[in-house]
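Chain naming here is simple, since letters A, B, ... match the order of the sequence lines and numbering starts at 1 in each.
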Amino acid sequence: MKELVAAITNLEEEAAVAIVEKKLQAGVSAHDILAACNEGLIAVGDLFSEGEYFLTELMFSGEIMNSIMEKLTPYLSAGETTATKGKVVIGTVLGDIHDVGKNIVINLLKGHGYEVIDLGIDVPAAEFVKAVKETGAKVLGLSALLNTTYPEMKTVIDELKKAGLRDKVKVIIGGAICSEKVREFTGADDYATDAIKGVTFCNKVYGHE
Amino acid sequence: MEESKQKLYNERLGRYLAAIKRKPIDRISTSIPVGSYADAISGYTIQELMYDPQKAEDRAVKFLKRYPEIDTFSAGFSSAVDFDILNSRLYRIPGRDIDPNSIRQFNEQEWMKADEYRRFIDDPIGFRMDIYFPRILGEYEKRGSIRSYIAFLKAGMQQGIAREQSRQINTRIKNEFAIPPSSQGIINAPFDTLTNLFRGLHGIMRDMFRQPDLVIEACEAILKQNLASCVAMADPKKQLPVWIGATRAGFLSPKQFEKFYWPTFYKGLMVLIEAGWTVRIFIEGNWNVHLDHLAEFPKGTVLFDLDNDTDIFTAHEKFGDKNAISGGIPTDMLILGTPEEVRQRVKLLIETVGKDGGWIPNSGGSIPAGCKPENFQAVLDAVKEFGVFHTGPAPKPEVSDMLDVKPQLPQIDRFITSWEEVKESNNWKIPGDEELIKRNWELFERMAYSWVISRR
Ligand code: B12
């Protein structure tokens, strides 16, 4: 499995897929393979946050994972769930369609064992509120790349208050435009301009430090 | 133009050009990109500004009456009519597809597939006419239909009309307000063209790993096209800079940047610089790891607009002695901050990056739509307070001493149907003056060629 972790970490697509095929033929469980893949993805994420890897490299690790999943999916028994560290609702706010950063955060959170409810892009405040209510998630992540969305992020948080949910959920806003100033304006609990911070935030909220 | 206005015009232009050339100036230039902010305070919707040239003109007039401190203003009219005529799927249009007040949105997709590089490189016209246009131009989907011919005909007519509408606005702005534009002509980094218009971010990311050689070859092919069309539009007097938005380098690792982005980017700009033009580059996103490369440009040839993510002080350290930099006022400060914060920030930037005039106020790329008016005023006031070097006259706008230098353009045939071909296929004997006919034939061929290549 070390080879597989290394191949993913070094972004060697062909090698990684070949190893997965070999393992599957040798009867290794798809779940164990998946676990090794996640380890590789986390390593890539770490390299990214250390500034070793850049965005396209982080994205390509997701591509490699897609290729691997094509091989693995038939072997993964349907309906089987593994325990998660907690639930996180995430989405890009109304008026904004940027999702590259959000998707990276999602992959990373999944890699770290969180169940992520992805609401997609251009999400109205009411949908965030609904999802938080229905899932009971303790973390809500708002992604935004446009300055014009400052008021919209604030609206989401105001709506949470109105729905009586504000003390049940911690909110982190993320995206290149976020800053302490913006956090303060919106009333969020924290802000992130990198994906790893999202993971640390969830770990803190869910007590997995 | 009246004499007093001509004088004012020359002062503004002269100060701006001197700032780029890194020559002494009387005060910090206020060639601030204000487009989105001007839209926002115009009182019109974005839809109105894209469909009604009168309103676009009024936007400029209102802005310049309110802010006479501004040194340059790009007043052009970016018409949406053209996007309707061909139904370009690359954009979502305010008022047609999205809220009338939202800005035009770019619809990024893999419009060209991973296995289409060869045709793209070898046959740029055929690739567009047969493969790309049917995908991106809704009205051309049914090629050969009456509707598709008429759409192209209308698009050709509209191009001339839009140009004239823009020219009229610019002339009025020049004559009445004595304001020059901040640039003339555009060129893109080949890697950006390939990513934005053809492969999309996800596509190019895979290609860099899976078929790197084709990415490089495609960038080289694009460079030739981009240079040829840029030179045709650039300032013939070689005063105003050519504008470039460098959008996709912030994603790349230094290795990828050096392999895929920089070579054709640098080569293209150096062709312009060596022929006597200057360039103004919007360095979009985070370039902190690529800054050493920007130091390679010769002195006084480039003005860099830095985005929020790139550290302006490091940039200044690396190449501030050679070339001018604009930026450094955080976008969120202009939207959420106070005039005093803005004043302090501008003061700091003038005393450091701008201490000998090599800085122009800006936030990340341009003043944002949501900027508080009192904060924008604070920028202008702070320039008056801290950015005046002497009260003598502004430098005169220098006339280029390289007017005769021809750009070293790569050789490409810019015809779709050559004169020889048309003559032969029609069996024309030409009893009269062949040159006379040929010259006009080729003129329109070149225009058509450029239109096809740059159509989006
Ligand atoms: C790619 C891109 C696009 C693509 C988006 C593709 C997609 N599917 O997402 C396309 C071409 C469609 C696009 C469209 C537009 N864009 Co755009 N776009 C960009 C660009 C180049 C990169 C954004 C990006 O993906 N960054 C990479 C990711 C990984 O970074 P990130 O998003 O910041 O995410 C990281 C962290 O911030 C954090 N993070 C992000 N979200 C979250 C959430 C949580 C919870 C956490 C914890 C962390 C976190 O983790 C991520 C990983 O480290 C930026 C410029 C730039 N260089 O940044 C402009 C930019 C964001 N776009 C801009 C604009 C103006 C637009 C358009 C309006 C342009 C137009 N006229 O069409 C439209 C907007 C449409 C809309 N309504 O949203 C401006 C925004 C200006 C501003 N500050 O307001 C920018 C900054 C460009 C600029 N300088 O002018 N864009």
Side-chain angles (χ1 to χ4, degrees), chain A residues 8 10-17 44 47-48 50-67 94-101 103-104 121-122 144-154 173 175-187 191 193-194, chain B residues 36-37 40 92 98-99 101-103 105-108 191 195 200-210 215 248-257 259-261 284-290 307-310 330-338 341 363-371:
Chain A
I8 294 177
N10 299 327
L11 302 175
E12 290 156 2
E13 183 180 30
E14 280 170 25
V17 174
V44 172
L47 286 166
F48 177 73
E50 286 159 21
E52 235 359 83
Y53 274 172
F54 287 73
L55 180 65
T56 44
E57 289 159 326
L58 187 64
M59 285 168 73
F60 194 63
S61 70
E63 280 302 310
I64 299 180
M65 204 50 210
N66 287 344
S67 309
L94 187 70
D96 198 332
I97 58 163
H98 292 88
D99 65 358
V100 176
N103 293 343
I104 290 172
I121 54 175
D122 204 4
L145 271 281
L146 300 174
N147 301 122
T148 45
T149 60
Y150 296 164
E152 184 55 30
M153 291 193 268
K154 188 167 163 13
I173 57 171
I177 53 154
C178 294
S179 65
E180 176 52 28
K181 238 195 187 88
V182 179
R183 185 206 65 75
E184 201 188 308
F185 172 77
T186 57
Y191 76 93
T193 51
D194 65 74
Chain B
S36 324
Y37 177 62
R92 281 188 270 271
I98 51 176
D99 190 281
N101 246 324
S102 114
I103 56 172
Q105 287 180 5
F106 189 55
N107 174 17
E108 180 182 293
F191 184 88
T195 305
L201 176 63
H202 288 87
I204 199 79
M205 177 265 300
R206 287 185 221 113
D207 298 342
M208 285 190 290
F209 288 97
R210 292 179 184 156
V215 174
R248 297 304 177 110
F251 292 123
L252 306 179
S253 70
K255 260 197 221 134
Q256 288 172 326
F257 180 81
K259 185 165 172 184
F260 299 107
Y261 199 97
E284 185 174 334
N286 181 338
W287 281 56
N288 286 324
V289 293
H290 311 313
D307 209 338
N308 295 304
D309 327 49
T310 299
T331 303
D332 62 349
M333 184 185 282
L334 289 177
I335 299 174
L336 300 173
T338 63
E341 280 173 291
S363 58
S366 69
I367 303 299
C371 176

Between atom CZ of Phe251(B) and atom CG of Leu58(A), what is the distance when rounded to the nearest 0.5 Å? 11.5 Å
Pairwise side-chain contact, Met208(B) with Phe60(A), heavy-atom cut-off 4.5 Å (strictly under): no
Considering only heavy atoms, which portion of Ile335(B) lies under 4.5 Å from any heavy atom of chain A: side chain, backbone, both, or neither? side chain
For Phe54(A) and Leu252(B) the tightest heavy-atom approach is CD2-O, 3.5 Å
When rounded to the nearest 0.5 angstrom, what distance separates CD1 in Ile177(A) from CG in Asp332(B)? 8.5 Å
Does Asn147(A) form a side chain to side chain donor-acceptor pair (under 3.5 Å) with Thr331(B)? I'd like the steps, not just the answer. CA-CA 8 Å; Asn147(A) 301 122; Thr331(B) 303; 4.7 Å; no
Looking only at Gly364(B), Gly285(B), Ser253(B), the option with the highest number of non-hydrogen pairs under 4.5 Å against chain A is Ser253(B)
When Thr56(A), Leu55(A), Thr193(A), Val100(A) are compared by non-hydrogen pairs under 4.5 Å with chain B, the top option: Thr56(A)
Identify whether the distance between the nearest side-chain nitrogen and carboxylate oxygen of Arg210(B) and Glu14(A) falls below 4.0 Å. no
Straight-line distance of Ile103(B) CD1 to Thr148(A) OG1, nearest 0.5 Å: 7.5 Å
One option among Leu201(B), Asp99(B), Ile98(B), Ile204(B) has the most heavy-atom pairs under 4.5 Å with chain A, and it is Leu201(B)
Which one, His202(B), Lys255(B), Met333(B), leads in non-hydrogen pairs under 4.5 Å with chain A? His202(B)
Which bit of Glu13(A) comes within less than 4.5 Å of chain B, counting heavy atoms only: side chain, backbone, both or neither? side chain
Using non-hydrogen atoms and a 4.5 Å limit, figure out which bit of Arg248(B) sits close to chain A: side chain, backbone, both or neither. neither
Interatomic distance, Tyr150(A) atom OH to Leu336(B) atom CG [nearest 0.5 angstrom]: 5.5 Å
If you tally heavy-atom pairs under 4.5 Å against chain A, which of Pro254(B), Pro368(B), Pro330(B) wins? Pro254(B)
Please evaluate residues Phe209(B) and Glu57(A) with respect to the criterion side-chain contact (heavy atoms from CB on, under 4.5 Å), reporting the C-alpha separation (whole Å), side-chain torsions for both, the decisive distance (0.1 Å), and the verdict. CA-CA 9 Å; Phe209(B) 288 97; Glu57(A) 289 159 326; 3.9 Å; yes
Measure the CD1-CZ distance between Ile97(A) and Phe106(B) for me, rounded to the nearest 0.5 Å. 10.5 Å
Contacting moiety of Glu108(B), where chain A heavy atoms sit under 4.5 Å: neither
I need the Ser102(B) OG to Asp96(A) CG distance, nearest 0.5 Å. 11.0 Å
